[in-house]
S.K.: 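Got a structure for you, questions after.
In the text below, chain A, chain B and the rest are named by the order of the sequence lines, each starting its count at 1. Remember, it's a predicted structure, so these values are computed and weren't measured experimentally.
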Protein chains: 2
Amino acid sequence: MLSQKAKYALKAMIALATQEEGDLMQAADIAERQNVPRKFLELILLDLRKHGLVRSQRGKLGGYALAKPADTITFGQIIRIMDGPLAPIPCASLTGYRRCADCRDEKACAVRKTMREVRDAAAAILDGMTLADATGTEAAALKAAIGA
Amino acid sequence: MLSQKAKYALKAMIALATQEEGDLMQAADIAERQNVPRKFLELILLDLRKHGLVRSQRGKLGGYALAKPADTITFGQIIRIMDGPLAPIPCASLTGYRRCADCRDEKACAVRKTMREVRDAAAAILDGMTLADATGTEAAALKAAIGA
DNA sequence: TTAAACACTACTAATTTGATGGACAAGATA
DNA sequence: TATCTTGTCCATCAAATTAGTAGTGTTTAA
């Protein structure tokens, strides 16, 4: 399951990705636009800053911006920061491998093999989806809704 | 994340799938073979029985068996019983849909769209993997290990 | 009739999740 | 320089979930 934290992080990053290069968006602004508790969002943004995905400016007229181009930041990166590995089970993870305490023969384990497949499929989607892709599809959906 | 409960359930079901038609396997036996706490396993098996995936016999010489052929029971069925929907987020679930409280425009939401893709990919793998497949790959891996 | 097995209920300790509150620091502007 | 606004950081917290454990009851074969 994706935590609320990760969902809020994705939504906040998508909001930041709609900004012009050089602009700043304030936490309160993001919180209101995305319907997210402001203080909780600040925690999330802080975490994202520490991991180098956003930059921030303090003081009056301060705010947040993406630290890198929107087409170089993926859903996978954001989710791993907030929730940890994508794999459904640690023994099937690439980034956070841990052996199952109860496992007798990891090589033969069909559960592990299958969960590795699931991980790979999820990673292919999430590591392939950039913030630029996301803002693109949202803009297109909105435009279609207006057209209809 | 797959819970321990779901992992234990999968392992127990795979163990049951290795049995001859008509045989029974006792909870204590499964628990020992799969390295799972016995009482916890009994709860899991009870749950699986209530959902019609295993049948049980009480009394001396009692035990458990699959209630249906091994090639008609999938990982997806078992995981949904133990952990609920496969989707990473309720608004992307087919079997357990729930709207996000904070969502302004569900149609346009890129997070939801992407999580639906992840759900579909996971479902394709997990609903396609039967207990018969699982015992098959485990047996093959074991045979290969002995040959090497 | 008794021993061995599943069935069921209840409880609990630890962890995770989803926050909230407040003090502090930095920076723009009057 | 004063001050107001905004991000930073720390501490705390309540509710839910997870991962079990314990014990009693019920069924059945021998």
S.K.: Can you give one letter per nucleotide of nucleotides 15-30 of chain C, going 5' to 3': B for a protein heavy atom under 4.0 Å from the base, S for sugar-phosphate only, - for none?
M.R.: ---SBBBB--BBBSS-
S.K.: Where is the tightest heavy-atom contact between A:K7 and B:V111, given as atom of each residue plus distance?
M.R.: CG-CG1, 4.4 Å
S.K.: Counting only heavy atoms not in A:R99, do more than 12 fall under 6.0 Å of its CZ?
M.R.: yes
S.K.: Has A:E106 got more than 12 heavy atoms of other residues, nucleotides or ligands less than 6.0 Å from its CD?
M.R.: yes
S.K.: Tell me, do B:L131 and B:I78 make a side-chain contact under 4.5 Å, heavy atoms counted?
M.R.: yes
S.K.: Write down the distance between CG (B:L45) and P (C:dC8), rounded to a whole number of angstrom.
M.R.: 13 Å
S.K.: Identify the two heavy atoms, one from B:T72 and one from B:Q77, that lie closest to each other, and give their separation to 0.1 Å.
M.R.: O-NE2, 3.3 Å
S.K.: Closer than 4.0 angstrom, basic N to acidic O: yes or no for A:D127 and A:R80?
M.R.: yes
S.K.: If we ignore angles and hydrogens, is there a donor and acceptor under 3.5 Å between the side chains of A:D83 and A:S3?
M.R.: yes
S.K.: Ignoring backbone atoms, test whether B:S56 places a side-chain nitrogen or oxygen under 4.0 Å from the OP1 or OP2 oxygen of C:dA7.
M.R.: yes
S.K.: Need two values: the first and the last nucleotide of DNA chain D, 5' to 3', having an atom under 4.0 Å from any heavy-atom of chain B.
M.R.: D:dA19 to D:dA30
S.K.: State, yes or no, whether a side-chain contact exists between A:L41 and A:I30 at a heavy-atom distance under 4.5 Å.
M.R.: yes
S.K.: Describe the nucleic acid contact of A:K50 in one word from base, sugar-phosphate, nothing, applying a heavy-atom distance below 4.0 Å.
M.R.: sugar-phosphate
S.K.: Where do A:A141 and B:K107 come nearest, in terms of heavy atoms and distance?
M.R.: CB-O, 4.4 Å
S.K.: Please list residues of residues 9-28 of chain A whose heavy atoms come under 4.0 Å from any atom in DNA chain D, ordered by number; otherwise none.
M.R.: A:Q26, A:A27
S.K.: Looking only at non-hydrogen atoms, find the nearest pair between A:T130 and A:F75 and report the distance.
M.R.: O-CE1, 4.4 Å
